[in-house]
There are 2 protein chains.
Amino acid sequence: MARTQGSHSDITGPKVRDTALRLFAQHGYAAVSMRQIAREVGVQVGALYNYTPDKQALLFSLLKGHMDELLSTWEAEPRPDGPRDRLEAFVRFHIRFNLDRPQAIFISYMELRNLAPENFAVIEAQRKVYEGALEAILRDGQSEGVFSVPDTRLASYALIAMLTGVNTWYRAGGRLSIEEVADIYWDMVRKSVSAD
Amino acid sequence: MARTQGSHSDITGPKVRDTALRLFAQHGYAAVSMRQIAREVGVQVGALYNYTPDKQALLFSLLKGHMDELLSTWEAEPRPDGPRDRLEAFVRFHIRFNLDRPQAIFISYMELRNLAPENFAVIEAQRKVYEGALEAILRDGQSEGVFSVPDTRLASYALIAMLTGVNTWYRAGGRLSIEEVADIYWDMVRKSVSAD
DNA sequence: AGATTAACTGAACGGATGTTCAGAACAAGG
DNA sequence: CCTTGTTCTGAACATCCGTTCAGTTAATCT
């Protein structure tokens, strides 16, 4: 039998993506087989190829979709005046965005090396744009004299790593809410760049 | 032919570990085959099983060896008086240690999920010991009034993530020496906990 | 009602996987 | 010099891999 009742592409399609995202985040791209994805979706393995040309494209599509959403959401955020408030906005945005999609964040840091070179280049370029936004804030603050950062490039790396690290330990329903976490991180970031 | 001249276990053994470490770091545990390791070592695949009971044990052995070295090296470090100097020692030690073994650091953060549960528990416990050392410093500094950190647990996570992040961008021979990098990071860490 | 099309099954393809093992080649010890 | 033990080869094992495709089913269109 094929095409059981109510199973259409607009149901199976997202299900394939969701399942792949979850399994890739849990076990890693290389450790997850197409058959495993199919089993959890509830179809035979061949059916997956209605939704992706191959396994590599599935990974790339997930990462690309995530980066597109990250960039467009960030650009739609209110952009306060002055480096200090812009930095705070970045910190709070980053933490909120990350904690809302832990799996996507996880694979977009862990599975980069499993991208084909041309796919890697695309994602890497998008990441540079995003991290560049942080560095621009730091540079502005430094030149306006409201921050004191000896090396803005390096500081942006350090802060990104610190902020992205929340995903390794934060669990929803824990002792701290997302807002409380953001408050604490912002406190540390603010002091680390010597802002008021 | 077998046993060609000069190939003994005290040469092949370390070569297997070095090769496995390099390949795991480069492509990921699941993406590297035993045959690939054997090829780069220069033996047939069966010969690897003189040095490890199986692939999983090889990964665990690499991670365990790394964590053992991390803990014993840290415990052998001079232990300055007072939280401020102890924190500085920790920061400089961590950066130095990490940048000296980028591959081992990489796999011990990336390949944890590929460990069998009982192996994972061992490594996780060791990691907790190490991170606990940082938190103890923060707690002491907080209670002595030389630091101002609202949440020492969370701050230790944040700082560890920030410090470990150096491995993602630092390349030997770049524009900054390890000492310069450590100076800059220490400056940020110091300020983030409000130490003089 | 009949034709068309989208969605899926079931099976197959060649090749790669981790692991085992009998036997060969060599070095060392008596 | 002959035995013993170590180290390795070469081949095999069963199983899994990503991917393809002819055929089947069910929804949609005319």
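Because the structure is a prediction, the values reported are computed rather than measured. Numbered from 1 within each chain, the chains take letters A, B, ... in sequence-line order.
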_Between B:Asp18 and B:Arg22 (salt bridge meaning N to carboxylate O under 4.0 Å), is one present in this structure?_
no
*Examine D:dT7: is either OP1 or OP2 under 4.0 Å from a nitrogen or oxygen in the side chain of B:Tyr51? Give yes or no.*
no
*Where the side chain of A:Asn50 is concerned, which of D:dG18, C:dA7, D:dC8 is the nearest nucleotide?*
C:dA7
_B:Gln36 CD to C:dT17 P, straight-line distance once rounded to whole Å_ = 8 Å
*Can you tell me how far P of D:dG18 sits from CG of A:Leu59, to the nearest Å?*
13 Å
*With a non-hydrogen cut-off below 4.0 angstrom, is B:Val41 in contact with a base, only sugar-phosphate, or nothing?*
nothing
*Closest nucleotide among D:dT7, C:dT17, D:dG18 to the A:Ser33 side chain*: D:dG18
_Closest nucleotide among C:dT19, D:dT19, C:dT9 to the B:Met34 side chain_ = C:dT19
_Side-chain N,O (A:Thr12) to OP1/OP2 (C:dC8) below 4.0 Å_ = yes
*Quick one: which of A:Phe97, A:Trp186, A:Tyr130 gives a ring pair (Phe, Tyr, Trp, His ring centres under 6.0 Å) with A:Phe90?*
A:Tyr130
*Rounded to the Å, how far apart are A:Gln56 CD and D:dC17 P?*
18 Å
_Rounded to whole Å, how long is the line connecting atom CD1 of B:Ile37 with atom P of C:dT17?_
11 Å
*Please tell me which of the listed nucleotides, C:dT9, C:dG18, D:dT9, lies nearest to the side chain of B:Ala47?*
D:dT9
*Does B:Arg113 make a cation-pi contact with B:Tyr29 (under 6.0 Å, within 45 degrees of the axis)?*
no
_Residue-phosphate contact under 4.0 Å: A:Tyr49 side-chain N/O, C:dC8 OP1/OP2_ = no
*Taking atom P of D:dC8 as reference, at what distance in whole Å does atom CZ of B:Arg39 sit?*
18 Å
_Could you tell me if the side chain of B:Ile37 sits less than 4.5 Å from the side chain of B:Phe24, heavy atoms only?_
yes
*Mapping A:Pro53 and B:Val45 onto DNA chain D by nearest heavy atom, which one lands closer to the 5' end?*
B:Val45
_Separation of atom CG in B:Leu48 from atom P in D:dT7, rounded to whole Å_ = 14 Å
*Might you point out which heavy atoms bring B:Ser108 and B:His66 nearest each other, and give the distance in Å?*
OG-CD2, 3.7 Å
*Euclidean distance, atom CD of residue A:Gln44 to atom P of D:dT20 [Å, nearest integer]*: 17 Å
*Among C:dT19, C:dA12, C:dG10, the nucleotide that comes nearest once only the side chain of A:Arg35 is considered*: C:dA12
